[in-house]
Amino acid sequence: MALDKKYDFKAVEEGRYSKWKAAGYFTAGDKSKQKFSMVIPPPNVTGKLHIGHSIDNTIQDITCRYKKAKGFDVLYLPGVDHAGIATQAKVDAKLASEGKSRFSIGREAFMKEAFDWKNKHTDIIHSQWEKMGIMVDYSRERFTLDEGCSKAVNEVFVRLYNEGLIYQGERIVNYDPVMKTALSNIEVVYKEDDGKFFYFKYPYADDSSKFLTVATTRPETMFGDTCVVVNPNDDRYKDVVGKFVINPANHEKIPVIADEYVDITFGTGAMKCTPAHDPNDFIIGKKYNQKFIVIMNVDGTMKENCGIYAGMDRIECRNLLVSNIEKEGNLIKIEDYKHQVGHSERSDAVVEPILSKQWFIKMKPLAERVLENQKNPDTKVNFYPARFENVLIQWMSNCDDWCISRQLWWGHRIPVYYHKTTKKLLVSAEKPKDIENWTQDEDVLDTWFSSALWPFETMGWPDESSDDFKRYYPNDVMVTGYDIIFFWVARMVFQGLHFTNKAPFKDVVIHGIVRDSQGRKMSKSLGNGIDPIDVINTYGVDSLRYFLATTASPGQDMRYSEEKVKSSNNYLNKIWNSARFILMNIPENYEFKSVDLNKLEAVDKNILTKLERTIEKVTKAMDAYDYGVASSVLYNFVYDDFCSNYLEMTKVTLKNENAYKEGTYFTLIKTLKAVLMMIYPFSPFIAEEIYLNLPQHLDSIMLESYPEYENNLLFEDDESRVNTIYELIEGIRQYKVQNDLAPNAALDLAINSDLKLDDLYQYLSRFAFAKSLTETKEEVKGATAIILPKVSLYIVDGIDKEELKNKILKEIEVLKNEIKRSEGMLNNKNFLEKAPEAKINVEKEKYQNFKLKLQQLDEKLKNL
RNA sequence: GGAUGUUUAGCUCAGCUGGGAGAGCAUCGCCUUUACACGGCGGAGGUCAGAGGUUCGAGCCCUCUAACAUCCACCA
């Protein structure tokens, strides 16, 4: 078999994935091996996958393919997330475009719509996984709303409730008036908005000629005000504390109280207090036994207790109220004011803090368990890079209780039932038998509630005796972006510890996000997103994967760069062509078998030695999830050692009748195979295609083992002798360029060396166009010398000019500086005492070489 | 206000536990040599943000400063 002249990624990738899948290579379950498991972060069923998913999946798949090649039974478990708010927003929008709403069609019909949506998008996601080439085990695919996950969710809810860790409470929560649901604190994103600061007169109740000035950004909440608060140390207001003022919005009498919370220097130092619509005011309200007056509906319209404003939208109300207060002469001024305003992460609506009854998880005991666990080196979760552990610890150290109820339809219904007549509350995983007497809680759970259980609910939990749970839990690694540590990683860790007594995974590998070429975040509004499918169609998935895995260092953001994708493609083409060369040069029916290592040619020993070192370094980096380092070590080996040096050399040995060619064939195939295995996790398609053209291949590279480091293949003497040849060739080439000689100018050479340089002339004539090579025991006068440790090579003709003299002078200058530096070090007592001996010896050797070279250059200069 | 990250060649970025700075792209010169022009050979280009300090030795460790970025918490 022979490879095509050009690496055609389309031909290479076409149909390959379905063959792998059909052959069952993605299915875990080989009990003879040690297990390695990971779950995919389930993508939302809201749309198609973007390049952020691509980097995530690429790193996961590299990890899995590497581990599989290293002999593990790998489980890479796929699935999708129902994505409560996000999906419901999409389905709501679809219904709206058809002139319908979820309320007009009812819960059942809505759920059908939503499931249709989910199915359609799951299909899209599947086709994208296929395009990305990820080896997920479809036989174990899960969905966060499937039966097993629902069972796990109910179990967790009930147990946490019974343990007192879930409670129902009336508290200020962030309300999204567009989606009409409560949100957790981390679903609120703060943005700087242009707002207004309104200054109002609050006349004294007993003397309308006097007033307090109170400033606010949200005048519409004044209907819920119960008092005005000033700082007790604020001299301006000492006399008014304890008196009453008139709320200019509704003309009600409210007291002025004093509390140190108020910042004297901010605004006017007098703050209106709305206990039901502001978290800080809520605390003050509790402290001073205030009423909690809710004045806004969940859709952002004003309640009946707002007089003429009842039913108005909050902003409409604000505008009208301000102008009415102005008419009454109580508006002092309006200032422009930039401030941070909370927006809903999903709908972007300005969130309203509203007092409402919701379900919460009590975080403190759960978080403390996480913090405790991180102190134990044996059971802690290891972050790569390590600094991200701080993000977890910091958040766990001071997080608020988690509001888990959502006023949505798409999600896990809260397993709480209210008795129709007795009003008794029942928390139960199973529906009550006399369901007709009960009403189930209308709310669903936060999506992240089920996501938090993902690492174990997908493996059979709560049935801890299930095969997969016993074998594959806990997971070995979790790969995800840093933007999701709070939302997901932290919650998986505390739920895992609480319910399985184990951290859900040993390692967490954190990666950054892909930005556009200018470093901006990709977003719909900017329209700067890169569709991975477009990249795959242009450059192939192997190039995209290589690019994504190798462009950024761990945890760091990266910029999308088409040039780099292209250069990844060039690299793969290079590997393709090196393979093509090798396959062209081994005999037709060559059988790959071991050979007599002692008889190997020096150039073969040289590359085998370098290969072993490469395997060692690459493996070490792969084990540390450091794919950037692994790939660059391999890259340098492939380009410099393998292609530029070794393959060129074999052009000589393969034509040499006396050479041990069996050894060269062996070395060629062994090295190529190792290179393929090392590139395979990154770019599996091209690796497979070439692999299947090797002699004695298995059915697929997916069945092949990763190369092991073998120290019986280290031939250090031969390695350094051959390196000397490479250096001589390089020196002659430089000489030609510097002396304006044609690259193929023929030269007479003389050599003085103790080294056994096998077939040196062959190599020099082939790669440096040597006309002759003679041995000499002394310096050749008037010739240019290439001086290496233990070798001097003289270029006898091609003679000098003034330029050459200048060059020598320059070289002498450089050498003198080196010698000065070296002498400085070697004369430094501290260095000699404190530096490691090996380092000192290296420096001494360098020094000797410098001296020798200088002496020879001086000679040469004299002879000119 | 708290925290983290970044600052290295024209551009985008590597640089592992401190021991004389690398890659890709771009650029210059030469080469169509039967693996590859998606290439080969050779070159040019860096006070490693700044200032101190530790060390025999600092891009790397410590302190401070500056710019940029991100996250968390936020005063009505």
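Each chain gets a letter, A, B and so on, in the order its sequence line appears, and its residues count up from 1.
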Practice problem: Just call it for A:Y639: base, sugar-phosphate, or nothing, with non-hydrogen atoms closer than 4.0 Å on any strand. | Solution: sugar-phosphate
Exercise. Would you mind reading off the distance between A:M558 atom CE and B:rC13 atom C1', rounded to a whole angstrom?
Key: 10 Å
Quiz item: At under 4.0 Å, does any side-chain N or O of A:N570 touch on OP1 or OP2 of B:rG39?
Solution: yes
Quiz prompt | Presence of A:S644 side-chain N/O under 4.0 Å of B:rC41 phosphate oxygens OP1/OP2 | solution = yes
Practice problem: Identify which nucleotide among B:rA35, B:rG42, B:rA76 has an atom closest to any side-chain atom of A:T216, counting heavy atoms from C-beta outward. | Solution: B:rA76
Quiz item: Base, sugar-phosphate alone, or nothing: which one does A:K617 contact when heavy atoms must sit under 4.0 Å apart?
Solution: nothing
Quiz item: If you look at every strand shown and take non-hydrogen atoms under 4.0 Å, does A:Y337 touch a base, only sugar-phosphate, or nothing?
Solution: sugar-phosphate
Exercise. Mind calculating the distance between CZ (A:R580) and C1' (B:rC38) to the nearest angstrom?
Key: 13 Å
Quiz item: Taking the six-membered ring for Trp, are the ring centroids of A:F197 and A:Y199 within less than 6.0 Å of each other?
Solution: yes
Quiz prompt | Residue A:K6, side-chain heavy atoms: nucleotide from B:rA76, B:rA35, B:rC38 that is nearest | solution = B:rC38
Exercise. For A:T550, report the nucleic acid contact type (base, sugar-phosphate, nothing); a contact means any heavy atom under 4.0 Å.
Key: nothing
Quiz item: Hey, does A:E843 reach any base, or is it just sugar-phosphate, or nothing, if we go heavy atoms under 4.0 Å?
Solution: nothing
Practice problem: Tell me whether the OP1 or OP2 atom of B:rU4 has a side-chain N or O from A:R387 closer than 4.0 Å. | Solution: no
Quiz item: Looking at B:rA76, B:rC74, B:rC41, which one has an atom nearest to any side-chain atom of A:V262?
Solution: B:rA76
Self-check item: Base-pairing mate for B:rG29 - Watson-Crick or G-U, with both contacts under 3.5 Å
Solution: B:rC41
Quiz item: Between A:Y560 and A:F547, is the ring centre distance below 6.0 Å?
Solution: yes
Practice problem: Establish, from distance only, whether the side-chain atoms of A:Y482 and A:D557 form a donor-acceptor pair under 3.5 Å. | Solution: yes
Quiz item: To the nearest angstrom, how far is A:E727 atom CD from B:rG42 atom P?
Solution: 12 Å
Self-check item: Same-atom distance (P) from B:rA49 to B:rA58, integer angstrom
Solution: 15 Å
Practice problem: Could you please name the option among B:rC38, B:rA14, B:rA76 that lies closest to any side-chain atom of A:N573? | Solution: B:rC38
Quiz item: Across the strands shown, which category fits A:C643 at heavy-atom distances under 4.0 angstrom: base, sugar-phosphate, nothing?
Solution: base
Exercise. Please tell me which of A:N645 and A:W395 maps to the more 5' nucleotide of RNA chain B, matching each residue to the nucleotide holding its nearest heavy atom.
Key: A:N645
Quiz item: Just to confirm, is there a sub-4.0 Å distance from OP1 or OP2 of B:rA14 to any side-chain nitrogen or oxygen of A:Y635?
Solution: no
Exercise. Would you mind telling me which of B:rC25, B:rG42, B:rA76 lies closest to the side-chain atoms of A:R733?
Key: B:rG42
Exercise. Give a yes or no answer on whether the side chain of A:R515 reaches the backbone of A:R559 with a donor-acceptor pair at less than 3.5 Å.
Key: no
Practice problem: In whole angstrom, give the distance that lies between atom CD of A:Q518 and atom C1' of B:rA69. | Solution: 16 Å
Exercise. Pick base, sugar-phosphate or nothing for A:K651, based on heavy-atom distances below 4.0 Å to the nucleic acid.
Key: base
Exercise. Quickly work out the A:L583 CG to B:rA35 C1' distance and round it to whole Å.
Key: 10 Å
Quiz item: Which part of the nucleic acid, if any, lies within reach of A:N828 when heavy atoms closer than 4.0 Å are counted: base, sugar-phosphate only, or nothing?
Solution: sugar-phosphate
Exercise. Check whether any side-chain N or O of A:Q734 sits under 4.0 Å from OP1 or OP2 of B:rG43, and answer yes or no.
Key: yes
Quiz item: Taking A:R236 for the side chain and A:I264 for the main chain, is one N or O donor matched with an acceptor at less than 3.5 Å?
Solution: yes
Quiz item: How many Å lie between CD on A:E563 and P on B:rC38, as a whole number?
Solution: 16 Å
Quiz item: Base, sugar-phosphate, or nothing for A:F486, non-hydrogen atoms under 4.0 angstrom?
Solution: sugar-phosphate
Quiz item: Within less than 4.0 Å of OP1 or OP2 of B:rA76, is there a side-chain N or O belonging to A:R218?
Solution: no
Practice problem: Would you indicate what A:S632 reaches in the nucleic acid, counting non-hydrogen atoms under 4.0 angstrom: base, sugar-phosphate, or nothing? | Solution: nothing
Quiz prompt | Any side-chain donor near an acceptor of the partner, A:K564 and A:T550, under 3.5 Å | solution = no
Quiz item: Taking atom types as modelled, is there a side-chain donor on A:E689 or A:Y7 under 3.5 Å from an acceptor on the other?
Solution: no
Self-check item: Watson-Crick or G-U wobble mate for B:rU47, both contacts under 3.5 Å
Solution: none
Quiz item: Can a side chain N or O of A:K574 be found less than 4.0 Å away from OP1 or OP2 on B:rG40?
Solution: yes
Exercise. Have a look at A:V229 and say if it touches a base, only the backbone sugar-phosphate, or nothing, with a 4.0 Å heavy-atom cut-off.
Key: nothing
Quiz item: Of all the nucleotides listed (B:rC41, B:rC13, B:rC36), which has the minimum atom distance to the side chain of A:E648?
Solution: B:rC36
Quiz item: Toward the 5' end of RNA chain B, which comes first, A:K655 or A:N569, by nearest nucleotide?
Solution: A:K655
Exercise. Please give the nucleotide sitting opposite B:rC68 as a Watson-Crick or G-U wobble pair, both distances under 3.5 Å, or none.
Key: B:rG5
Practice problem: Figure out the CG/C1' separation between A:N744 and B:rG42, and round it to whole Å. | Solution: 15 Å
Quiz item: If we take the P atom in both B:rU8 and B:rC60, what is their distance in whole Å?
Solution: 14 Å
Exercise. Scan A:E833 against the nucleic acid and name what it touches under 4.0 Å (heavy atoms): base, sugar-phosphate only, or nothing.
Key: nothing
Exercise. Using a 4.0 Å heavy-atom cut-off across all strands, classify A:S553 as base, sugar-phosphate, or nothing.
Key: sugar-phosphate
Quiz item: With respect to the phosphate group of B:rC36, does any side-chain polar atom (N or O) of A:K5 fall under 4.0 Å of OP1 or OP2?
Solution: yes
Quiz item: Taking the six-membered ring for Trp, are A:W395 and A:F486 parallel (under 30°), tilted (30 to 60°) or perpendicular (over 60°)?
Solution: tilted
